[in-house]
There are 2 protein chains.
Amino acid sequence: GSMAEGGGAGGRSNVLGHSSSWAGCASETGISPVPVSPIVSPLLTDMYQITMCYGYWKSGRHEVPAVFDMFFRTAPFGGSYCIFAGLSQVLSFVNSYKLNEEHIAYLKHQMPFADEGFFDYLRGLDCSRVKILAFQEGTVVFPREPLLRIEGPIGICQMLETTLLCCVNYASLVATNAARMRVAAGPSKKLLEMGLRRAQGTDGGLSASRYSYIGGFDGSSNVLAGYLFGITVSGTHAHSFVQSFTSFSDLARRSIALPDGGVCEDFVGLVVSHRARLGFGQTNEGELTAYVAYCQAFPHFFLALVDTYDTLQSGVPNFLACAVAMRELGWKPVGIRLDSGDLAYYSKEARRMFREVEAKYGFEGFAAGMQIVASNDLDEDVLYNLNSKGHEIDTFGIGTHLVTCQAQPALGCVYKLVEMDGKARIKLSQDLVKISIPSRKRVFRLYGGPGGGGAVTDL
Amino acid sequence: GSMAEGGGAGGRSNVLGHSSSWAGCASETGISPVPVSPIVSPLLTDMYQITMCYGYWKSGRHEVPAVFDMFFRTAPFGGSYCIFAGLSQVLSFVNSYKLNEEHIAYLKHQMPFADEGFFDYLRGLDCSRVKILAFQEGTVVFPREPLLRIEGPIGICQMLETTLLCCVNYASLVATNAARMRVAAGPSKKLLEMGLRRAQGTDGGLSASRYSYIGGFDGSSNVLAGYLFGITVSGTHAHSFVQSFTSFSDLARRSIALPDGGVCEDFVGLVVSHRARLGFGQTNEGELTAYVAYCQAFPHFFLALVDTYDTLQSGVPNFLACAVAMRELGWKPVGIRLDSGDLAYYSKEARRMFREVEAKYGFEGFAAGMQIVASNDLDEDVLYNLNSKGHEIDTFGIGTHLVTCQAQPALGCVYKLVEMDGKARIKLSQDLVKISIPSRKRVFRLYGGPGGGGAVTDL
């Protein structure tokens with residue numbers, strides 16, 4: 001069987017590989033990892049879990065052993081698989097499950113009729129007798145197989161339902177979305193998550209960064225994701241930076257530092273002379289000023305957003321004037337970012353212009369080494385579409401469609417009672433697809449076959 | 001002009017009406033309101049805001065006065081309006097903006113080349129010189145008018161961009177979605193948000209509860225939303241509660257409390273006799289047992305989920321057997337919840353059965369007073385569809401489609417530099433719709449006209 005087992009108070013090391021490695025990354029910075037999502041508390045649940053728990057308690061049934069399965073009925077995005085994620089958050093929630101006195105006071109206020117003994121029961125409630133069997137975080141999983149099996153007294157197992165679903169549903173959805181984009185982009189492209197501003201809630205943004213990384217992304221723009229999880233964080237500049245400059249007089253100085261510690265006193269003059277030599281007369285001077293300012297601040301990492309005014313008439317030419325000057329001074333310019341228009345066309349035109357400059361100046365490896373980053377409403381379909389048109393993009397920055405999972409914004413994971421007191425339970429339904437498979441299940445993933453070694457099927 | 005003004009350190013009372021009333025509700029419980037979303041920190045931003053800020057600082061431009069507009073280009077859900085929300089979170093973030101030493105250490109680690117003076121600048125950074133003009137929380141707003149205008153030194157204004165967008169984008173989207181569902185359902189129906197388990201991240205769920213309330217919902221299933229914001233919280237039971245019982249022997253007792261403090265010793269016998277008298281022979285005994293247990297726990301609030309086995313053959317009949325017994329004992333049963341199948345048809349059939357029972361027993365107001373709650377994949381279109389078919393539903397519980405905003409999962413609010421050092425700025429673009437309207441704007445909402453008093457237009 002391929003399910004990993006994690007008890008309430010131990011045996012977790014095998015399922016926390018990913019989480020530990022994040023903590024490891026974060027601690028490389030010398031900063032202690034911060035607990036994630038303080039919102040994830042026992043009150044982050046539906047009220048009916050608490051009323052049901054009271055119903056069980058009132059009938060003396062709260063300690064009856066029960067088994068719940070968490071599973072999804074249909075794979076998301078019209079596909080056949082899902083990437084299971086959210087387990088480390090589930091386990092850290094379960095391990096620290098405890099209602100505090102403020103929580104109890106609030107619930108008393110909500111249920112003034114309830115017996116005092118129930119609140120004593122809630123005070124003592126923890127997950128020490130709850131057993132969780134799960135796939136490993138990041139595993140490929142399929143419809144109707146249990147991702148998590150939760151065993152324990154029905155009272156506490158019922159209380160866990162909503163929070164566990166909330167931890168797994170979106171995490172698995174965004175990891176799956178990211179994995180599908182990775183498949184679409186191919187293994188050699190760099191994928192960056194940039195969706196914070198369009199995410200559903202602040203933690204939605206943080207979850208998106210965390211779980212798209214599990215799904216196969218290389219990094220994120222979200223600084224907090226780097227701070228908390230050690231995910232690679234990157235970013236350069238936006239249109240506002242370009243717009244904020246109008247002429248060279250906006251610059252504090254004309255000089256730039258050299259890699260050997262020296263100074264080039266008139267970097268602006270050098271850039272302007274290369275612009276003339278390249279034959280780019282009509283570029284926007286504010287934009288060129290912004291690029292010069294960016295070179296001065298980030299000489300080792302000059303990447304320019306080129307579509308503020310006109311990509312091919314101003315942005316790429318201004319970038320090249322600076323890039324040639326930087327290269328002459330011994331720096332290695334990084335590349336450009338396209339954020340609007342026909343990304344396939346612009347990327348090919350930009351690469352062609354890089355090659356012309358390489359030929360003109362004899363800069364070996366100049367064109368091939370230049371990164372072309374593309375963003376602007378990318379999704380899985382656009383990636384396939386770009387592939388079929390042909391393009392010169394090296395890195396994709398994906399935001400809205402990745403984090404909101406526009407193509408299917410919710411994974412319908414459910415949490416169903418399948419066994420109670422050792423007896424199988426079934427939920428019938430007027431909707432045939434909603435009928436659950438009763439009883440305790442164990443998933444076996446069979447490996448091998450003629451190809452040798454790959455997974456074959458799940459039973 | 002209709003914009004409210006909120007400074008960095010004062011003048012906020014006029015724009016925090018909603019927030020204050022939530023705090024008021026929450027404090028009625030005697031519990032001090034908890035700060036929301038501790039994740040909302042200065043690091044919850046895109047890395048490029050920090051690199052740009054360094055670029056401004058390095059060019060000596062970080063103190064230049066700038067004006068940014070936050071606006072959206074197209075109203076969501078194919079409509080014409082949006083409900084502006086998220087302001088109270090924006091203001092509380094802005095008022096407490098402060099990078100701590102751990103944040104600074106992380107940023108130093110990310111930018112090892114940056115001058116030490118920049119980190120001193122970051123240490124001292126706050127929003128005391130930032131002025132924010134905004135619509136009131138919950139206001140109807142339209143495309144391309146500034147929802148927020150942010151004025152201040154460009155360094156800090158740039159640092160705010162992503163976090164402010166993250167606070168406003170989803171909040172306004174879900175408030176708008178909720179408002180559209182309110183319009184579809186009509187003013188007399190009760191609307192409950194139930195989307196926590198399908199929300200995008202844990203705070204996505206909490207934000208959905210909070211902002212759907214602003215958009216016109218009556219309450220939520222999310223206990224934490226009640227605890228933090230004083231939103232009305234409700235919940236009864238799920239299918240698992242029904243499944244967990246198989247026969248009357250699962251009950252701890254056969255008795256039930258009476259409203260006057262007395263006891264009915266054989267409530268089970270009474271229910272069974274009414275089931276026979278009503279002619280319901282073939283109902284599921286486990287389900288009936290669950291309803292009895294629920295009555296025992298919540299005699300003043302008996303609402304039964306009726307679709308676990310068969311809505312019209314078992315669920316509604318079992319409910320009625322209990323409801324008649326409860327009514328006889330002086331309790332007022334509340335109603336039923338439908339969670340699958342043809343909701344219009346089942347609601348009409350259920351109401352018809354309630355009327356038959358009312359006629360048979362002479363229970364005045366029994367049928368009309370019974371609440372019919374419906375859930376299961378509801379959205380705006382389904383609400384209109386139910387209206388056109390005719391239905392008997394009193395309360396809608398809406399989850400997935402409300403919180404994920406399936407019809408349009410992101411509001412494209414943007415944050416654009418429109419003025420710097422007193423001069424207007426424009427961003428051109430190859431995409432015509434992305435060109436911004438330059439300069440500082442002031443929105444006037446004109447009221448009046450022949451109808452007398454309604455808002456006419458925004459200039």
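Residue numbers start from 1 in every chain, and the chains themselves are labelled A, B, ... in the order their sequence lines are given, proteins ahead of strands.
Heavy atoms closer than 4.5 Å to chain B are found nowhere in His401(A), neither backbone nor side chain. Looking at Val414(B), the atoms closer than 4.5 Å to chain A (heavy atoms on both sides) all sit in the side chain, from C-beta outward. Both the backbone and the side chain of Arg198(B) come within less than 4.5 Å of a heavy atom in chain A. Proximity to chain A (any heavy atom under 4.5 Å) is restricted, for Ile154(B), to the side chain, taken from C-beta onward. Of the two parts of Phe118(A), neither the backbone nor the side chain holds a non-hydrogen atom closer than 4.5 Å to a non-hydrogen atom of chain B. Of the atoms belonging to Leu164(B), not a single heavy atom falls under 4.5 Å from chain A. Both the backbone and the side chain of Phe245(B) come within contact range of chain A, with heavy atoms under 4.5 Å apart.
Taking the six-membered ring for Trp, Tyr54(A) and Phe298(B) have ring centres closer than 6.0 Å. Ring centroid separation for the pair Tyr56(A) and Phe241(B) comes in under the 6.0 Å cut-off. The distance between the ring centers of Phe301(A) and Phe113(B) does not fall below 6.0 angstrom.
Of the listed residues (Ala225(A), Ser234(A), Ala199(A)), the greatest number of heavy-atom pairs within a distance under 4.5 Å of chain B belongs to Ser234(A). In terms of non-hydrogen atom pairs under 4.5 Å with chain B, the most contact-rich of Ala238(A), Gly286(A), Ser209(A) is Ala238(A). The most heavy-atom pairs under 4.5 Å with chain A, out of Gly60(B), Gly86(B), Ser59(B), come from Ser59(B). The choice from Trp57(A), Phe68(A), Tyr48(A) that makes the most heavy-atom pairs within less than 4.5 Å of chain B is Tyr48(A). Ranking Val242(B), Asp115(B), Thr45(B) against chain A, the residue ahead of the rest is Thr45(B), based on heavy-atom pairs under 4.5 Å. By number of non-hydrogen pairs under 4.5 angstrom with chain A, the leading residue of Leu196(B), Thr246(B), Asn169(B) is Leu196(B). Ranked by non-hydrogen atom pairs under 4.5 Å with chain A, the options Arg61(B), Met194(B), Gln406(B) are led by Arg61(B). With respect to chain B, the highest number of heavy-atom pairs below 4.5 Å among Lys108(A), Lys58(A), Met47(A), Arg197(A) belongs to Arg197(A). Put simply, of Gln296(B), His300(B), Arg253(B), Glu161(B), the one with the most heavy-atom pairs under 4.5 Å next to chain A is His300(B). Note: Cys166(A) leads Ala252(A), Cys166(A), Ala66(A) in heavy-atom pairs under 4.5 Å with chain B.
The closest donor-acceptor contact from the side chain of Gln200(A) to the backbone of Pro409(B) lies under 3.5 Å. Put simply, the side chain of Asp203(A) never gets that close to the backbone of Gly201(B): no donor and acceptor are under 3.5 Å apart.
Atom OG of Ser244(B) is separated from atom CG of Asp421(A) by 10.5 Å, given to the nearest 0.5 angstrom. Here CE of Met420(A) is found 7.0 Å from CG of Asp250(B). Values are rounded to the nearest 0.5 Å. Note that CG of Leu228(B) is 9.5 Å distant from CG of Leu44(A), once rounded to the nearest 0.5 Å. Between Thr162(B) atom OG1 and Asn222(A) atom CG the span is 9.0 Å, to the nearest 0.5 Å. Distance OG1/Thr400(B) to CD/Gln408(A): 10.5 Å, rounded to 0.5 Å. Going from atom OG1 of Thr202(A) over to atom CG of Leu206(B) covers 8.5 Å, rounded to the nearest 0.5 Å.
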Inset, instruction - Run the numbers on Thr51(A) and Tyr294(B) for side-chain contact (heavy atoms from CB on, under 4.5 Å), then give the verdict. - result: CA-CA 9 Å; Thr51(A) 52; Tyr294(B) 201 82; 4.1 Å; yes
Legend entry - Test side-chain contact (heavy atoms from CB on, under 4.5 Å) applied to Tyr170(B) and Thr404(A), step by step: CA-CA 10 Å; Tyr170(B) 179 62; Thr404(A) 65; over 6 Å; no
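In this model, a donor atom of one side chain and an acceptor atom of the other lie less than 3.5 Å apart for Glu102(A) and Tyr227(B). Side chains of Ser240(A) and Gln158(B): a donor-acceptor N/O pair is present below 3.5 angstrom, by distance only.
Between Asp46(B) and Val223(A), the closest side-chain pair of non-hydrogen atoms is not below 4.5 Å.
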